[in-house]
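Each ligand, and each atom within it, is numbered from 1 in the order the structure gives.
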Amino acid sequence: MRYIDEFRDGELARGLARTIADEADPSRVYRLMEFCGGHTHAIYRYGVQDLMPANLRFVHGPGCPVCVLPMARIDQAIAMAVEHGVTLCTYGDLIRVPASERNSLLKAKAAGADIRMIYSTQDALTIARNAPEQQVVLFAIGFETTTPPTAVAIKSARAEGLENFSVFCNHVLTPPALSTILASQPAAADLIPAEHAEPHRDRDARLGDGGDAGVQLDGILGPSHVSTVIGSRPYEYVPETFAKPVVIAGFEPLDVMQSTLMLIRQINSGRAQVENQYTRAVTRDGNRKAQALMAEVFSPRETFEWRGLGHLAASALRIADAYADLDAEQRFPVAPSSGREIKGCECPSVLRGLMEPTDCKLFGAVCTPENPMGACMVSSEGACAAYWSYGRFRRPAEPSAAMTADAA
Ligand code: SF4
């Protein structure tokens with residue numbers, strides 16, 4: 001296949017769905033975590049879950065870069081703009097994410113802070129070049145996919161001698177997050193037996209008696225864009241350590257369905273291997289040039305906080321010592337923030353696969369994309385936004401008092 005619509009072909013999708021239904025063992029439950037928010041959106045946008053047999057459930061993972069950024073880091077970015085008067089350059093997804101005290105980058109901008117929305121790291125460099133008297137900070141976030149462009153921006157600034165440009169680095173790494181989720185699975189003996197588990201929206205079946213211990217998984221739909229950079233090799237510890245299969249999956253609906261079939265075949269045959277469905281973009285070794293760039297410009301942080309997962313060792317990057325003069329955290333120090341979630345927001349549990357968005361009491365009632373209470377409803381990769389955007393879980397509007405009276 002060469003063109004994008006071929007990966008959305010309904011006839012092929014129905015054929016794959018039939019094969020999945022034929023091969024799925026009806027005596028067991030399949031719980032497959034899609035790591036990336038891009039997969040979650042494909043599943044709900046194209047109705048992939050509805051094509052699956054009843055005993056197969058997709059569990060949403062933490063692969064949404066905006067969602068996993070803890071509130072404290074947004075507080076710090078706002079403090080840089082307000083206290084140090086820098087021009088803060090941010091991607092659009094972040095601008096409406098709630099910060100502490102019901103603040104956000106958008107509200108700080110409305111209150112006078114110089115916060116600009118950009119589409120690429122090059123936009124931030126252009127802003128810095130055009131205003132040499134103004135300090136410009138790039139609020140850099142994301143997984144391994146977006147890290148190389150930040151490295152390019154840092155190297156460009158160094159090469160040009162751009163002294164008014166720096167980076168607030170929040171880049172995170174995929175494998176430590178995956179390890180944390182797999183390591184927190186409840187013991188098999190703690191789970192409700194499969195024959196009693198209703199996989200559709202049955203939170204208890206997924207939680208088991210372990211309560212908040214973690215989510216039981218049978219396989220992983222691995223990241224696609226991240227894997228174009230790091231390759232499939234970094235996931236090889238998953239079968240070795242956790243005995244779970246991984247299939248690197250593309251983001252189109254047929255990619256997700258084919259990857260699901262590959263996982264089912266591994267699970268049914270008792271295999272646990274890393275397989276690559278997304279061969280049109282991912283190799284075992286990934287993009288070595290991008291990896292070398294990242295290794296030159298960044299160093300691992302000892303620890304970093306993730307929303308939902310807590311502080312994870314060696315799970316994020318800081319700017320390497322050789323480029324420390326371009327590190328906004330050093331140039332514009334701000335006090336740490338405790339960054340507490342809005343009461344009732346279940347983003348941390350949604351990001352760990354412990355809850356579905358519709359399990360959150362605020363979903364659709366108080367929290368909507370127009371009035372988001374948590375990052376998962378704002379981000380274009382957030383699970384709550386996926387559930388809401390495709391209209392599949394919207395509650396019908398309550399009839400107004402006037403309509404009720406008319407009806408009477
Ligand atoms: Fe948070 Fe809103 Fe999602 Fe609830 S629906 S978990 S409040 S983002």
Can you tell me if C367 has an N, O or S atom under 2.8 Å away from atom 2 (Fe) of ligand 1? yes
Ignoring hydrogens and geometry beyond distance, is a side-chain donor-acceptor pair present between Y237 and S179 at under 3.5 Å? yes
List the closest protein heavy-atom neighbour of atom 3 (Fe) of ligand 1: residue, atom name, distance to the nearest 0.1 Å. C384 SG, 2.3 Å
Around E236, counting heavy atoms of other residues, nucleotides and ligands shown, do more than 12 lie under 6.0 Å from its CD? yes
Under 4.0 Å from a heavy atom of F363: give me the atoms of ligand 1 that qualify, with their elements. 5 (S)
Between the side chains of Q277 and D255, is a donor N or O closer than 3.5 angstrom to an acceptor N or O? yes
Measuring to atom 4 (Fe) of ligand 1, does C360 have an N/O/S atom at a distance below 2.8 Å? yes
Between S232 and N276, is any side-chain donor less than 3.5 angstrom from a side-chain acceptor? no
Measure from NZ or CZ of R280 to the centre of the six-membered ring of F7 and say whether it is under 6.0 Å with the direction within 45° of the ring axis. yes
Apply the test side chain to side chain contact (heavy atoms under 4.5 Å, CB included) to residues R73 and F304: give CA-CA distance (whole Å), side-chain angles for both, the deciding distance (0.1 Å), then the verdict. CA-CA 10 Å; R73 300 295 284 185; F304 192 76; 3.7 Å; yes
Short N/O/S contact of C345 with atom 1 (Fe) of ligand 1 (below 2.8 Å): yes
Hey, which atoms in ligand 1 end up nearer than 4.0 Å to a heavy atom of M373? 7 (S)
Against heavy atoms of M377, which atoms of ligand 1 measure under 4.0 Å? 8 (S)
Ligand 1 to L362, heavy atom cutoff 4.0 Å, flagged ligand atoms 7 (S)
